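Per chain, numbering begins at 1; letters A, B, ... match sequence-line order. Keep in mind that what you see is a predicted model, and the values were worked out from it rather than measured.
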Number of protein chains: 2
Amino acid sequence: MPRPTLRSVANAAGVSTAAVSYAFNRPDRLSAQVRTQILAEARRQGYSGPDAAGRSLRTGRAGAIGVIFTVGLSYAFSDPYVLAMLGGLAEVTERTRTGLVLIPFDLGTAGLDDDARRQSLDAVHRAVIDGAVADGLGDGHPAVRVLADRKIPIVQSAETTAGRCVVTDDRAAGRDIGAHLAGLGHTDVTVVVASPAEPGVPVPDVDEGTLYPYSTLRLTGIREGLGGTARIRVVSGGRNAPESGRVAADLALAGPGRPTAIAADSDVLASGVLDRLRAHRLRPGTDVSVTGFDDAPLAAPAGLTTVRQPMRDKGRLMGRMLLDPAYTETRVVLPTELIVRSTTGPARLPERTS
Amino acid sequence: MPRPTLRSVANAAGVSTAAVSYAFNRPDRLSAQVRTQILAEARRQGYSGPDAAGRSLRTGRAGAIGVIFTVGLSYAFSDPYVLAMLGGLAEVTERTRTGLVLIPFDLGTAGLDDDARRQSLDAVHRAVIDGAVADGLGDGHPAVRVLADRKIPIVQSAETTAGRCVVTDDRAAGRDIGAHLAGLGHTDVTVVVASPAEPGVPVPDVDEGTLYPYSTLRLTGIREGLGGTARIRVVSGGRNAPESGRVAADLALAGPGRPTAIAADSDVLASGVLDRLRAHRLRPGTDVSVTGFDDAPLAAPAGLTTVRQPMRDKGRLMGRMLLDPAYTETRVVLPTELIVRSTTGPARLPERTS
DNA sequence: TCCGTCCCGTTAATCGATTAACAAGACGGT
DNA sequence: ACCGTCTTGTTAATCGATTAACGGGACGGA
């Protein structure tokens with residue numbers, strides 16, 4: 001016997017397909033009698049209800065929203081920022097019984113003709129979703145563009161010209177960091193950012209045009225906070241992971257002109273930086289100051305000076321924007337707070353080992 | 001202008017819908033000429049490619065697999081076991097460009113007539129997926145049943161009679177724990193399990209019929225390992241969370257007959273237990289022994305004796321079973337290893353405070 | 001008796017795409 | 001001149017459901 005369908009049940013039960021549809025979707029439209037018959041026949045055939053794909057096509061609703069990240073999916077599950085955000089988002093989707101589609105995409109291939117892009121963004125094209133949350137991705141990002149082309153409502157956690165977004169004021173937060181460091185006398189700062197590359201790929205001199213939107217903003221803020229005279233260098237060790245922080249730290253510490261402070265774009269990166277400082281017998285906060293971002297769970301135990309942002313709220317609000325029609329806000333700015341701990345202290349020039 | 005479709009593009013370009021479909025899916029079937037024309041017209045209309053729902057229906061493929069957990073979605077993102085498993089799973093889905101649909105379901109309502117169940121399991125019905133991974137859920141679980149009814153290929157991480165599964169030998173692992181404790185002279189052990197309830201709900205005497213499949217097996221193993229004469233009590237403080245461990249620990253420590261050891265069903269629960277021990281001024285491993293399960297990242301720093309299981313591999317293998325046609329294994333057993341650290345030690349009877 | 005309401009089931013159009021089978025023309029070889 | 005083979009585009013059936021609009025019968029009130 002082939003797979004049962006609405007029609008096969010209808011035929012066997014001697015009713016129209018409409019009746020079967022109603023039996024499952026609008027019980028009140030049918031007499032109890034007929035409904036029971038239909039359900040019985042359905043059970044007999046092993047028909048468990050209307051097919052998801054068929055229903056999706058006909059109703060134009062998927063009952064699910066998509067999520068895309070700056071970071072590879074398999075890695076996302078170890079990123080505290082992403083996890084907190086997803087947790088908040090899930091609170092909302094759970095309540096509305098909405099599925100969460102985690103979409104993998106791979107932009108390793110930089111070949112950008114229309115076809116290659118379609119291929120690589122296949123999953124973004126094929127996702128059956130009613131809306132999407134784009135975390136950390138700007139308007140220009142290919143995956144965001146695909147979603148926009150598909151006319152799928154989208155909420156971003158980065159500034160957007162046309163769409164809706166929930167953001168933290170990364171620039172102001174950067175300014176707080178910069179000012180804090182400036183106040184401690186730091187004038188030579190290395191900024192550690194994440195890049196889409198695998199962890200462990202050292203980039204001694206980052207092209208600022210390729211930064212994630214939030215990185216650009218934080219960097220700008222740090223510059224502003226430090227004032228015009230500070231020397232600033234931007235390095236990367238790959239995607240947001242401790243290993244990348246380690247690689248970036250080695251980059252920063254190599255050579256003669258060691259910076260007096262290292263500002264990492266996330267606590268995860270900062271934790272890697274701290275690892276390497278210790279390996280180099282440099283005391284964080286004394287020999288070299290270090291800052292992070294997020295105030296992830298790992299930050300407090302490490303004594304890391306960082307910027308707290310309400311990560312879970314971010315997810316929650318993005319979810320509400322997408323799923324709660326009553327919530328019409330188009331742009332929400334979340335507060336941040338500089339949390340000073342022990343990894344920052346007065347600038348101290350490296351002693352010459354000559 | 002209405003939303004562009006395959007047909008609207010075909011009409012405007014003066015070709016058949018088949019041609020348009022081929023233009024996007026099988027470029028080689030068309031002359032470069034015609035293809036370019038079609039793509040141009042598509043771009044003009046803002047048509048970004050075949051609609052996902054339509055395509056899904058027609059091809060019978062969704063390009064995504066579902067995941068269901070024992071635990072609520074919003075909580076899943078803070079469960080180290082789940083995260084490791086998901087990470088492994090994502091490695092596989094990423095490679096095959098397959099989406100990951102996290103399905104929320106809510107069984108708070110115990111009313112179980114066919115309709116209420118359909119309602120509550122709505123998301124499981126509606127998910128557009130090609131297969132599913134069920135973590136920790138047995139054949140009898142409603143959500144698993146729905147998936148089975150839908151004839152969706154499913155891989156479980158619990159024993160199954162008909163389907164495929166990737167499991168750890170929980171019973172043997174339990175035996176290891178039991179034997180380890182027995183070897184240290186423990187004869188009075190409280191087992192802490194997770195239940196579907198919110199954290200913080202004390203259950204002083206758990207009905208063993210309601211346990212998750214893995215808990216049942218571990219418990220059986222612990223009994224076997226301890227030998228027939230040991231006194232065993234099973235308590236719960238709610239779903240897998242530190243708070244539940246705390247509540248369960250209070251339950252275990254209350255009253256006169258304090259156990260000499262507490263065996264928790266996960267490291268997360270164990271961490272809560274350790275919290276409370278400290279609060280009661282009891283030294284883990286000296287006054288009371290504690291064991292966990294999983295060897296999650298938190299275990300080593302806490303000195304927790306636990307059973308290591310390859311969580312990430314579990315996800316990876318479940319993914320392969322579902323997505324790699326060459327992988328025909330039907331049941332895989334993963335190894336476990338008892339990791340003895342400092343939270344277990346020789347049994348010591350509580351001193352009477354009379 | 002007549003008519004307005006309900007109740008409940010049916011008719012039929014439609015959602016947006018894929019793909020086997022076919023056919024027309026081009027091409028090359030003998 | 002003839003025929004097999006490619007190449008390239010079309011025809012048309014099909015995937016599985018939803019829902020506005022319709023209509024026949026029962027029922028109640030005047």
Both A:Asp28 and B:Arg58 contact DNA chain C. Taking the nearest nucleotide for each, which residue is further toward the 5' end?
A:Asp28
Starting at the 5' end of DNA chain C, which residue's closest nucleotide do you reach first, B:Pro50 or B:Arg26?
B:Pro50
To the nearest Å, how far apart are [X] [atom1] and [N] [atom2]?
X: B:Asn11; N: C:dG16; atom1: CG; atom2: P; result: 13 Å
X: A:Asp51; N: D:dA17; atom1: CG; atom2: P; result: 5 Å
X: B:His125; N: D:dT18; atom1: NE2; atom2: P; result: 12 Å
X: A:Asn25; N: D:dA17; atom1: CG; atom2: P; result: 10 Å
X: A:Arg7; N: D:dT18; atom1: CZ; atom2: C1'; result: 13 Å
X: A:Arg61; N: D:dT18; atom1: CZ; atom2: C1'; result: 10 Å
X: A:Gln37; N: C:dC8; atom1: CD; atom2: C1'; result: 13 Å
X: B:Ile38; N: C:dT18; atom1: CD1; atom2: P; result: 13 Å

Separation between CE of A:Met318 and CD1 of A:Ile154, rounded to the nearest 0.5 Å
10.5 Å
Contact between A:Val67 and A:Asp135 at the side-chain level, heavy atoms closer than 4.5 Å - yes or no?
no
State, with a plain yes or no, whether a side-chain heavy atom of B:Leu6 is found less than 4.5 Å away from one of B:Ser21.
yes
Could you check which of [options] has an atom nearest any side-chain atom of [X]?
X: A:Arg3; options: C:dT11, C:dC8, D:dG16; answer: D:dG16
X: A:Ser16; options: C:dA17, C:dT11, D:dT19; answer: C:dT11
X: A:Leu57; options: C:dA17, D:dA17, C:dC15; answer: C:dC15
X: B:Arg55; options: D:dT10, C:dA17, D:dA20; answer: C:dA17
X: B:Leu30; options: D:dA17, D:dG9, C:dG9; answer: D:dG9
X: B:Leu6; options: C:dA21, C:dT18, C:dG9; answer: C:dT18
X: A:Ala18; options: C:dT10, D:dC15, D:dA17; answer: C:dT10
X: B:Thr17; options: C:dT10, D:dT10, C:dT18; answer: C:dT18
X: B:Ser21; options: D:dT10, C:dT18, D:dT18; answer: C:dT18

Classify the nucleic acid contact of A:Phe24 as base, sugar-phosphate or nothing, counting any heavy atom under 4.0 Å across all strands shown.
nothing
Does A:Val20 reach a base, just sugar-phosphate, or nothing at all? Heavy atoms under 4.0 Å.
nothing
Can you confirm whether or not the ring centre of A:Phe24 sits under 6.0 Å from the ring centre of A:Tyr47?
yes
Could you tell me whether the side chains of A:Gln37 and A:Gln33 share a donor-acceptor contact shorter than 3.5 Å?
yes
Reading DNA chain D from 5' onward, which residue's closest nucleotide shows up sooner: A:Pro4 or B:Val34?
B:Val34
Over all atoms of both residues, closest heavy-atom pair of A:Leu137 and A:Pro213:
C-CG, 4.4 Å
Between A:Tyr47 and D:dA17, does any side-chain N or O lie under 4.0 Å from OP1 or OP2?
yes
Is the distance from OP1 or OP2 of D:dG9 to the nearest side-chain N or O of B:Ser31 less than 4.0 Å?
yes
